[in-house]
Structure formats: structure tokens, C-alpha cells
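The residues of the chain are indexed from 1 along the displayed sequence. Counting starts at 1 for both ligands and their atoms, in listed order.
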Amino acid sequence: MKFTFYGHACFLIDTGKEKLLFDPFLTGNGSAAISADEVECDYILLSHAHGDHLGDAAPIAKRTGAAVIAVPEVLGLVSDAASRTFPLNLGGGTTLPFGRVTMVPALHSSGVPGGVACGFLIQFTDGVNVYYSGDTALFSDMALIGKKAPIHYAVLPIGDDYTMGPEDAVEAARLTGAKRVIPIHYNTWPIIAQDPEKFAALAEEAGVAAHVLAPGESLELKK
Ligand code: NI
Ligand code: MN
């Protein structure tokens, strides 16, 4: 199973059978490692409707036929383009061929009236569990996500300003009991400039292994 970082908050998890694309903001993203008309996927998971997450979801869904997973209000923004959708809401989950997706809370604005921002816990059939927090503040109930399943990888924003910064992201990783952390949502613009190696050192100090990926880099996921 392979994780590829495409820049900002966009990444792909390829199980070998299915490709899951998260928050596909590629057009207008100076750090994007792939273009919206090249990326391949079977599922698109959207954490919320801010432009740096919803991004190119509609044209990608239209071209690839990928199913879109999001809260109903966000799905409403892509419904003309997406032929398959899976509406979820906080606390709910669905079992799909690659594993189980649970929508988990995030503390952030949604970017669409009536919507909420969310994160995802994905329990892959092969036993690897990934927690993607979406844009969020640190909150103590993140511990409940780690109680539900052992977290092998936490994918967390570290940019500060719009989301939690590096110190809170380390605490988030620690709260969920994550074995490893992958930092995202930084250095796309000067306002979210961060030193990921400094974050990695803080995480390692807290007992969490950090994987810093440059846009375009991949990582083989394991338990
Ligand atoms: Ni946002
Ligand atoms: Mn964002």
C-alpha cells in the first residue's frame, strides 16, 4: 500500500486495487506534484469545502468516475459532476471494498452553509489504519479516535494560522496514540511557512516517528 503526497493537503493512498484521493487542490496550488487532468483515482475523500481542499474534485470526479465521500452539503457542490457519492456525517462510517471509512470530527469551518469540517479514519482491509484529521484545531476527543483503532499513520496539518501548528500537531499525534505522523498543510504560502524537520524532531521527542514527504514523494505504508 502506497501513500503519495501531492502537495498541501492532497495525497493518494493506493491499495494496489483502489486509489483513494484526498482533498484534491491541484489547480492553483504552486506545490502540486500532479495536475488535475492526470491524477487517477477510484474514490475522492473531501474533508471540507474550502478551496484548498475541495479544489478540483468536480472535474476529477467527472473525468475518472470516482466516487466522492463527504458530508451531504459538500457533496451538493460536486453532485453535477460525480456519478457516485457516499454521504457520511460525523461519527458515521461505511464499509467499502478497500476497508472501512469513518467520518470523524474536526474543529474548523466547513466552507459551505450547513456543512461541517471533518476528518477520516480509514481501516484498510489489510490491517493498516490511517487517520487524516483534515484542517483542525487540537481537541482532546482525538484520543477517542485512537481508542477505536490503533493508528499506524496520522496525517496532520502543521501550518498554523488556518489549522493547528507544529506543537499542537505533535500533541494530536500523541493523543491518538499514532505510531507515525505525516505532516501536511504547510509551506504552500508564506502564511503557513513551517520547518517540517523541526516538527519531525518534536514528534520523535514525543515518541512518534515522523515521515516528511516533499510533494511527489511516496511512502510504503505498513502496520
Ligand atoms: Ni480549511
Ligand atoms: Mn486548508
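Under the 4.5 Å side-chain heavy-atom criterion for Ile, Leu, Val, Met, Phe, Trp and Tyr, Leu219 and Leu21 are members of the same hydrophobic cluster.
In the model, Asn29 has no side-chain atom that pairs as donor or acceptor with a side-chain atom of His8 under 3.5 Å. Side-chain N/O atoms of Asp23 and Tyr132 include a donor and acceptor closer than 3.5 Å.
As for His108, its N/O/S atom nearest the Ni ion (ligand 1) is the one called NE2. The closest approach of His50 to the Ni ion (ligand 1), by N/O/S atoms, is made by ND1. Closest approach between the Ni ion (ligand 1) and any N/O/S atom of Asp135 involves OD2.
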TODO: Run the numbers on Asp135 and His48 for side chain to side chain donor-acceptor pair (under 3.5 Å), then give the verdict.
DONE: CA-CA 8 Å; Asp135 281 6; His48 62 299; 3.3 Å; yes
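The OD2 atom of Asp52 and the NE2 atom of His185 meet at the Mn ion (ligand 2) at an angle of about 90°, given to 10°. Atoms OD2 of Asp135 and NE2 of His53, as seen from the Mn ion (ligand 2), are separated by an angle of 90°, to the nearest 10°.
Relative ring orientation between Tyr43 and Phe98 is described as perpendicular, the plane-to-plane angle rising above 60° on a 0-90° scale split at 30° and 60°.
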